[in-house]
Amino acid sequence: MKSKWLLLLLWMCMVARPEAWGQEVKSANTVAEEWIQVNSSSATVLQWFEWIEKSTGIVLSYNPAQMELGEVRRIEPGGRMTVEELLHRILSGYQVKIAFVSPRKLVVHARKIESYDVVMMSAVRCPKWTVKNACMVRS
């Protein structure tokens with residue numbers, strides 16, 4: 001009796017899978033995985049975002065206070081790349097997270113990567129960030 005239920009369950013799993021009906025299975029990041037042809041050129045971050053929206057029909061949602069939109073970025077070499085890869089190249093120097101919102105929207109969360117210089121000090125007590133005899137200073 002158990003084997004009949006098990007066979008029935010396995011059969012239902014096979015029938016219920018979308019691949020079994022010939023449907024294409026898409027990932028949640030389908031929009032970010034779309035291919036785009038990019039020519040090598042320079043533009044501001046804002047101009048790149050506008051170009052992506054115009055070329056692909058994708059809506060980009062982002063917080064302009066977290067990015068330097070007027071910063072000029074050169075994409076080189078150009079060629080065929082995914083929208084996600086292009087966004088990561090445009091926002092190099094940022095930690096980037098991209099979330100998909102149906103139907104054609106990408107939420108771009110970017111946080112500037114902060115770098116620190118290590119300055120050697122001798123017998124001086126450093127405020128806050130102390131690593132043995134070195135002080136970390138924001139650059």
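Scope of the values below: all heavy atoms of this structure, side chains included, with no hydrogens, waters or symmetry mates.
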Counterpart residues, side-chain hydrogen bond (donor to acceptor under 3.5 Å, both in side chains), relative to Ser61 (two or more places apart): none
Within-4.5 Å side-chain heavy-atom neighbours: Leu91 and Val108: yes
Other residues, nucleotides, ligands: >12 heavy atoms within 6.0 Å of Lys105 NZ: no
Same apolar cluster (I L V M F W Y, side chains within < 4.5 Å links), Leu46/Leu87: yes
Residues forming a side chain to side chain contact (heavy atoms under 4.5 Å, CB included) with Ser41, sequence neighbours excluded: Trp48
pair Ile52-Val83: side-chain heavy atoms closer than 4.5 Å: yes
Cluster overlap Val59 with Leu86, hydrophobic side-chain contacts below 4.5 Å: no
Straight-line distance of Lys112 NZ to Gln95 CD, nearest 0.5 Å: 12.0 Å
Reported OG1-to-CH2 distance for the pair Thr44 and Trp51, which is rounded to 0.5 angstrom: 13.5 Å
Audit row: Val96, Arg111, side-chain contact (heavy atoms from CB on, under 4.5 Å) steps and yes/no: CA-CA 7 Å; Val96 179; Arg111 196 173 114 216; over 6 Å; no
Approximate separation, where rounding is to 0.5 Å, of Glu33 CD and Thr82 OG1: 7.5 Å
Nearest atoms (heavy-atom pairs only) where Val72 meets Ser42: CG1-CB, 4.0 Å
Connected hydrophobic set around Val101, excluding itself, where side chains approach under 4.5 Å: Val107
Arg104, CZ atom: more than 12 neighbouring heavy atoms under 6.0 Å: yes
Extract all donor-acceptor atom pairs below 3.5 Å that involve side chains of residues 63-71 and protein atoms in other chains or at least two apart in sequence.
unit_1: Asn63; atom_1: OD1; unit_2: Ala65; atom_2: N; d: 3.0
unit_1: Glu71; atom_1: OE2; unit_2: Arg73; atom_2: NE; d: 2.9
unit_1: Glu71; atom_1: OE2; unit_2: Arg73; atom_2: NH2; d: 2.4

side-chain hydrogen bond (donor to acceptor under 3.5 Å, both in side chains) involving Glu53 - partner list, sequence neighbours excluded: none
Residue pair Leu106 / Tyr62, side-chain heavy-atom distance below 4.5 Å: no
Straight-line distance of Leu60 CG to Ile98 CD1, nearest 0.5 Å: 8.5 Å
All side chain to side chain contact (heavy atoms under 4.5 Å, CB included) counterparts of Arg89, not counting sequence neighbours: Ile75, Pro77, Met81, Glu85
